[in-house]
Structures are given as C-alpha cells and as structure tokens.
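Written below as structure tokens is the structure these notes are about.
First listed ligand is number 1; within each ligand, the first listed atom is number 1. For reference, positions follow the sequence shown, starting with 1. Owing to the predicted nature of the structure, the values given are computational and were not obtained by experimental measurement.
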Amino acid sequence: MQINPLLNQTPEKFLYLFNLELTPENLDKFKNIRYVVMQGSSKRSALLAKKLAKHVANVDTRFFEPINLVNTSNFAVYRVGSVLAVSHGMGNVTIDALLHAVTKLLHFAGNTQLEYIRVGTSGGIGIEPGTVVITKNAYMPNLEPYYTTYELDQRVDTPTHSDLALVERILAAQPDNLHFPIVSGNSIAADDFYLGQCRYDGAMRARRDQDYRAKFFEKVHALDIRNFEMESGALGAFCNLAKIPATMIAVTLVNRFEGDQIKSSAEQLVEFSERSQQVVINYLLSRTDLAA
Ligand code: R2B
Ligand code: URA
C-alpha cells in the first residue's frame, strides 16, 4: 500500500468523513485489518458482517448484532476478524470519498497490507440475470480504461484495471457446485443509473435511439464488457494509485439486451444480491488470515 507522505507530517486528530476522533482507543479497533469489503448499502454491510461472524467466528447470529464503528449517517463500518464490511453509497464520487477516509483510517491504525473488494449489483450486457461478474477492467463510459477526474482545472486520467491475481484467487475459491453462473469480464462505470446507461424509463428522455444503443451494446460486448454499474472506475483508479489489490464482484439484475427495467421479484433480488456476498465469503474463507 502506498499513502500520501504528507499525512505523516501533519498529525490528524479527527477524521471528518467518519465523524471519528483518532484516539488510540478508536485506532485500536482498526488494527490488523486485511480485507475491506464495500457494498452500496449499510444494511447489506451489516448483513455481510453477520454472515461472516457465523462463518468465521462460529457466532450464533440470533444473538449478535454488528456494531457500526463510525459516527456518520453517510457510511457504515463493521468489523469481523481481519475484515471490514463497509458501505459506500452510490456512484464514483461517493465511493471515492469513502476510499480516502477508510484508507487514511487504516493507515493511521498501522495497516500496510490490504485488499479491497466491492460487492454489489449491476446491469448485465448479454448475460443471464443472476450471473455474477468479477471485474478485470473498469471502463469509462467512453470506453477508455481509465478514470478521469479534475484536480482544480487539470484533467487527470488514472488506470482502472483490477488486480488480476486477486480475480483469479476469487474464481479459484468458488466450489464446483455453485448454483449460479460466475464469469470474469470488464465493466463500465456509468455516471448514473438512467441516461448514462441509456435507459428509456428515466424521468428525462435519453437522446440516443434504439439503433444507436443496440450497436453500442454489441460493441461493448465484443470488448468483453459484461456489466454496467456506477463505482468501479473510482475504485480501480484509487486502488491503482494506492497500490492496493482490488476488484469488484457484482451480480447482474437485468440483461440490458432485453430491457431497462428490473423485473425480478423482491425475493429474487434478495437472492441475487446474496450471490455476490456468497462469492466474497467463499473467497474470504479460502484465506488463512481472517482471524485478527
Ligand atoms: C449498482 O447498483 C446501484 C444502482 O442501483 C449502483 O450503486 C451500482 O453501481
Ligand atoms: N446497477 C446499475 O448501475 N445498473 C443496473 O442496471 C443495475 C444495477
């Protein structure tokens, strides 16, 4: 892991985005972390923490509620062994803020060897809904494999590829009898859910017609792009700068070749979202450093 060297010159006492005093007692809670698993919602992060407590620590989860270790309504952070289950909200800008905050916190707590995995949902491109995609490379909407940001008025492009060894380790950790399809492929980090992904059911009308969209989908499918979502660009770019191995595990809720709307039942959507969690749990259980 590589961190901004200026952080060591100006000691920080308060981590604003987590509303957290950086006291020795608080920092102690974040020592010996190896894995950070990020999901959009705080509810899903708490659920993952519960599942990990059951699988990793053999806790009877009827009597266990994970404790949120930070004091903001924007993000939640739970810990089980050497894993942090964290929520990141929606979109590249939100996950980027979370990535800075959690990485600073883990650095101040003395951690140096980390892996970051986003676990989430996505819109599939030419694959069955319910398929889990592990991201090899996150593309910008213009199909460039980097994330563009601005430092003041200066454009900065940062590569967004995942750590391919991590992708392979995650795939290798899955049992042969997994009851759903799993593939590795590339992802597009769109700027929003509706127009950025050319949905025709947004409150505002998309300007590209059906023909343009169909050709675009064919083109991206040929680039091994298998899903649309909204955070993989910032995740890939941040982790490449920080030299933290990272990737994304995202189940697809819809096949965009076939439509815009997510039509699965509420139960089916819960089961789909459990699939991405199951894949990360299988990976974590294959590791030997889960106990803190
Ligand atoms: C996938 O799903 C969310 C939108 O529903 C967004 O956070 C994403 O990347
Ligand atoms: N998340 C997205 O960003 N797009 C989808 O189609 C589904 C989930």
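Taking a cut-off of under 4.0 Å to the non-hydrogen atoms of Phe193, the atoms of ligand 2 that pass are 1 (N), 2 (C), 3 (O), 4 (N), 5 (C), 7 (C), 8 (C). Residue Phe193 approaches ligand 1 through these ligand atoms, each under 4.0 Å from one of its heavy atoms: 4 (C), 5 (O). For ligand 1, the atoms lying closer than 4.0 Å to a non-hydrogen atom of Glu229 are 9 (O). Residue Ser122 approaches ligand 2 through these ligand atoms, each under 4.0 Å from one of its heavy atoms: 1 (N), 5 (C), 7 (C), 8 (C). Listed by number with element, the atoms of ligand 1 under 4.0 angstrom from any heavy atom of Glu231 are 6 (C), 7 (O), 8 (C), 9 (O). Counting the atoms of ligand 2 from 1 in the order shown, those under 4.0 Å from a heavy atom of Arg199 are 4 (N), 5 (C), 6 (O). The Met230 neighbourhood of ligand 2 comprises atoms 3 (O), with distances under 4.0 Å to a heavy atom of that residue. Shown in contact with Gln197 at under 4.0 Å from a heavy atom are these atoms of ligand 2, numbered in order with element: 2 (C), 3 (O), 4 (N), 5 (C), 6 (O).
In this model, a donor atom of one side chain and an acceptor atom of the other lie less than 3.5 Å apart for Asn8 and His107.
In terms of modelled atom types and a separation under 3.5 Å, the side chain of Thr247 and the main chain of Ser162 share no donor-acceptor contact. Proximity of a side-chain donor or acceptor of Asn227 to a complementary backbone N or O of Ser122 within less than 3.5 Å is not detected. At distances below 3.5 Å, at least one donor-acceptor pair connects side-chain atoms of Asn111 with backbone N or O atoms of Ile33.
For atom 5 (C) of ligand 2, the closest non-hydrogen atom of the protein is Gly123 N, 3.3 Å.
Contact annotation: for Met90 versus ligand 2, there are no heavy atoms closer than 4.0 Å. Within the 4.0 Å heavy-atom criterion, neither part of Ala190 lies near ligand 2.
At least one side-chain heavy atom of Phe180 sits under 4.5 Å from a side-chain heavy atom of Val279. At least one side-chain heavy atom of Leu166 sits under 4.5 Å from a side-chain heavy atom of Arg169.
Applying the side-chain hydrogen bond (donor to acceptor under 3.5 Å, both in side chains) test to Glu12 and every residue at least two apart in sequence or in another chain returns Lys104.
Residue Thr121 holds the heavy atom nearest to atom 1 (C) of ligand 1 of all those in Ile95, Leu253, Thr121.
Ring geometry for Phe216 against Tyr212 counts as parallel: the plane angle stays under 30°, on a 0 to 90° scale with 60° as the upper cut.
The shell of residues lying under 4.0 angstrom from ligand 1, judged by heavy atoms, includes Arg118.
On a distance-only criterion, Gly91 and ligand 1 share no N/O pair closer than 3.5 Å. At a 3.5 angstrom cut-off on N or O pairs, Glu229 does not count as close to ligand 2.
Under the 4.0 Å criterion applied to side-chain N and carboxylate O atoms, Arg256 and Asp260 are assigned as salt-bridge partners.
Tested against Ile281 for a side chain to side chain contact (heavy atoms under 4.5 Å, CB included), the candidates Leu52, Val56, Val83 yield a single pass: Leu52.
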